[in-house]
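A, B, ... follow the sequence lines: proteins, then strands. Residue 1 opens every chain. Keep in mind the model is a prediction, meaning the values are calculated, not measured.
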Amino acid sequence: MFLNQQIEIDTLPQISSVALKPISKNYLKIILLNKALVYVICIGLVVLAGKFIIEKEELPDASMYIFGFALLVCVCNLILSILAFKKRKYAIRDKDIIYSKGLLVNSITTVPISRIQHIEESRSWLARKLKLSTLKIFTAGESGSDLKIDGLPFEEAKQINDFLSAKVNGNH
Amino acid sequence: METTNFSQPTRQSSKGILIIFAFKTFQFFRKFGVFFLAFGFSIMKKKYLGFLTPTNLILILLFVLFVILIIAILNYQNFKFHVSLDDFHLTRGIINKDNTIIPKSKIQNVYLKQNWLQQLINVVSVNIETAGDQKSEIEISALDRSTALQLKSELYSVSSQLHDENHEVIENNVFFKASPKRLLLEGISKNHLRSFAIIASFVFGLYYEFKDYINNLSFIDRLEDSIQINEGSIVNVLIANAILVFIIVLISMLFSIVKTFIVNFNLQVIENKKTIEINKGLFNKVSLSLTPSRIQNIVVTTNRIKHYFGLHTLSVKQAMVNAKQRKNFEIIALEKHQLDHLLGKLLVNYDSEIEASKPKPYYKRILAYKMIFLISIINIPGFLIFGNRMWYINIALIVLAVLYIIKTYSKSYYKIDDEFITIGSGFIDTTTNILEIHKIQAVKLKQSMFQKRIEISSVYIYTASKVLKIPYVLEQEARSIYDYLLFKVESQDKDWM
């Protein structure tokens, strides 16, 4: 163990005590719309494949089963992504930025502000309509350490961006 | 040594035209060579193909070479660089003029390379690397050695503090020289499975290209005739298989040894006051220096056989070095005390003696799940190919899997102290990853739904060159590691580069 240090681990700021803030509920609409599009395409492909391939082999039942299976997968995926939506949370501390997500596999990523290379704010057409914004925070090296926070309220994203930019520039 | 003034825009040595020409020609033929071969073959068979006759084809080829030569000359004419007080400037491009400026402080590495052509006409290429993506890398392909060394030292002399480094270059204290015997041992104890995979894919690729041709030779039939397998006796089959395995192992080993020699020929480590310089290579000679502040993390590998011979490999990871050059940042065949000396040099205050902590036994369960998944995947095509014999293969696979789980678990540990994180891992190899805490870019805590119930979690540590994982520790501990690392990074005002 590394606990034999001068620093009292208990007195350090703890990740567990940070109050994480959920992202805007409006973002769920975007997720649902995107998902719906993917589902329609998938099920459409399954139906088409069923029409052309399986019926020729004279297995009319099989096409129904596959269709049902595809539908089931879609429904499960939908339920999971709605439940997982609640897990998307973020927080900004004085020295770092925290983002947590994931239902089946939950992860909490923290990027120290002093390690930020640059920040990008992007808004899709749909996000503009819903007054949302996506914040991308880039660090050096491996892309795994880059943060992407979707579905921030536009005003807040702007404030965060200003705050972080000021901090990052202040450091150099 | 004549001195060149780099403050004025300079061209490279005029031999550069030859290098650029050779390089472009090579590139061209790698892209289009197959077409020419194909045309050539069909023309030789039919004597003509449309308007193409052999003479026409050769004329076209000559014309292409001529165009490449013109391009090479223009490239050379338009390639100018100079060094100002704080920056390196480069202008290049024939039609699209490209002007690149790199601040000296952002240069990560300057190294000298020499392929066989450059060795022949006695020039070196200078590569300048920044931490950005691959496109920002710059190569000056032909300078004579003294000019190149001068340019290098000028690029490194950025601030007053590095003034000493200029002097120390003259020191040239050869710290380590890999003898042929040690290179041979290193070659023998390499992971031959990898060599075998390379050879196998190469042979397979060749076979695929020339499939029809080989089929025409009815090579397989002849092979079968010459071996004459007696179906009845199992002993013969066993012997034939044993011989086959032996030959494969031998070829793989030979390949490993030759590769080790070519890459690491004349490996030399030169120790300066603050930096370490590596020189090596037979066909491609490289020379690069390592500055401790640019190193993101260090990996030490050895395996049981290598450990017996006292062979250790030290590889140094920097931010975003492209995959091809990453191999050059490797020093092989080091003795234990040499390794410790280098570690002490590159990582000041590093102490390897602190107590190690181990992941929770849950890690073994995860490894077991992975193995079960893998074996069941192998079984699907396995039964189709081998039929009932797959049962024997499965027994071997299961033994291997159990060995894998036990070994991997016993080799995995982590140590955290005031400045460093050390993470051990490996199955056949014993790998030790070392990184300085202030080089961390981000930290991530990861936990699946099942792990939440039994309160186990993993910590991922991101650096500019690599992701490291502290696997499956108690959630409580994972969180305190997380808090501790963040505290360390954020409370110190140390830069990561």
Side-chain angles (χ1 to χ4, degrees), chain A residues 1-18 20 80 83-84 87 89 91-118 136-148 167-168 170-172, chain B residues 131-132 296 317-321 354-357 414-418 420-421 438-452 457-468 473 475-497:
Chain A
M1 280 295 288
F2 61 92
L3 285 167
N4 57 352
Q5 303 265 327
Q6 310 91 306
I7 308 146
E8 286 288 329
I9 292 293
D10 298 339
T11 62
L12 292 181
Q14 283 175 9
I15 189 77
S16 330
S17 60
V18 178
L20 294 165
L80 278 181
L83 288 176
K87 295 281 179 184
K89 290 173 181 174
I92 314 264
R93 292 198 286 192
D94 199 26
K95 304 259 186 190
D96 51 31
I97 175 160
I98 305 165
Y99 184 52
S100 154
K101 66 165 199 264
L103 176 72
L104 294 180
V105 179
N106 184 259
S107 69
I108 310 173
T109 311
T110 305
V111 176
I113 292 173
S114 60
R115 295 294 181 265
I116 295 175
Q117 292 289 324
H118 71 279
K136 290 181 192 163
I137 291 158
F138 294 92
T139 61
E142 293 282 340
S143 55
S145 59
D146 299 339
L147 272 192
K148 185 176 167 225
K167 279 249 176 192
V168 170
N171 275 344
H172 289 290
Chain B
Q296 297 303 321
K317 312 274 181 211
Q318 293 191 319
M320 285 290 227
V321 177
I354 56 167
E355 203 187 326
S357 319
Y414 64 94
K415 295 175 189 172
I416 299 171
D417 69 3
D418 222 13
F420 302 97
I421 305 172
H438 73 264
K439 305 244 158 126
I440 291 175
Q441 296 286 334
V443 219
K444 189 193 226 170
L445 209 62
K446 216 171 177 180
Q447 184 180 46
S448 77
M449 233 159 74
F450 311 105
Q451 288 159 10
K452 199 180 179 100
S457 186
S458 304
V459 186
Y460 289 76
I461 300 160
Y462 293 88
T463 67
S465 62
K466 204 177 174 185
V467 192
L468 287 173
V473 292
E475 192 176 345
Q476 181 80 29
E477 193 170 335
R479 281 178 189 273
S480 61
I481 292 172
Y482 195 87
D483 291 334
Y484 175 73
L485 294 180
L486 283 173
F487 164 74
K488 271 287 179 189
V489 173
E490 289 162 7
S491 63
Q492 293 169 323
D493 200 19
K494 278 186 178 168
D495 220 355
W496 62 276
M497 205 186 107

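Every salt bridge (charged side-chain N to carboxylate O under 4.0 Å, His left out) that B:E475 has, sequence neighbours left out, goes to B:R479.
Of the listed residues B:M449, B:E490, B:K446, the one with more heavy-atom pairs under 4.5 angstrom with chain A than any other is B:E490. The candidate from A:D96, A:D94, A:V111 with the greatest count of non-hydrogen atom pairs under 4.5 Å with chain B is A:D96. Comparing B:L486, B:I354, B:V489 by how many heavy-atom pairs each has under 4.5 Å with chain A, the most go to B:L486.
Environment of NZ in A:K101: sparse, with no more than 12 heavy atoms of neighbouring residues, nucleotides or ligands closer than 6.0 Å.
The two residues B:L445 and B:S457 make their nearest non-hydrogen contact at CG-OG, 3.7 Å.
Remark: the A:T110 side chain and the B:Y482 side chain contain an N/O donor-acceptor pair separated by less than 3.5 Å.
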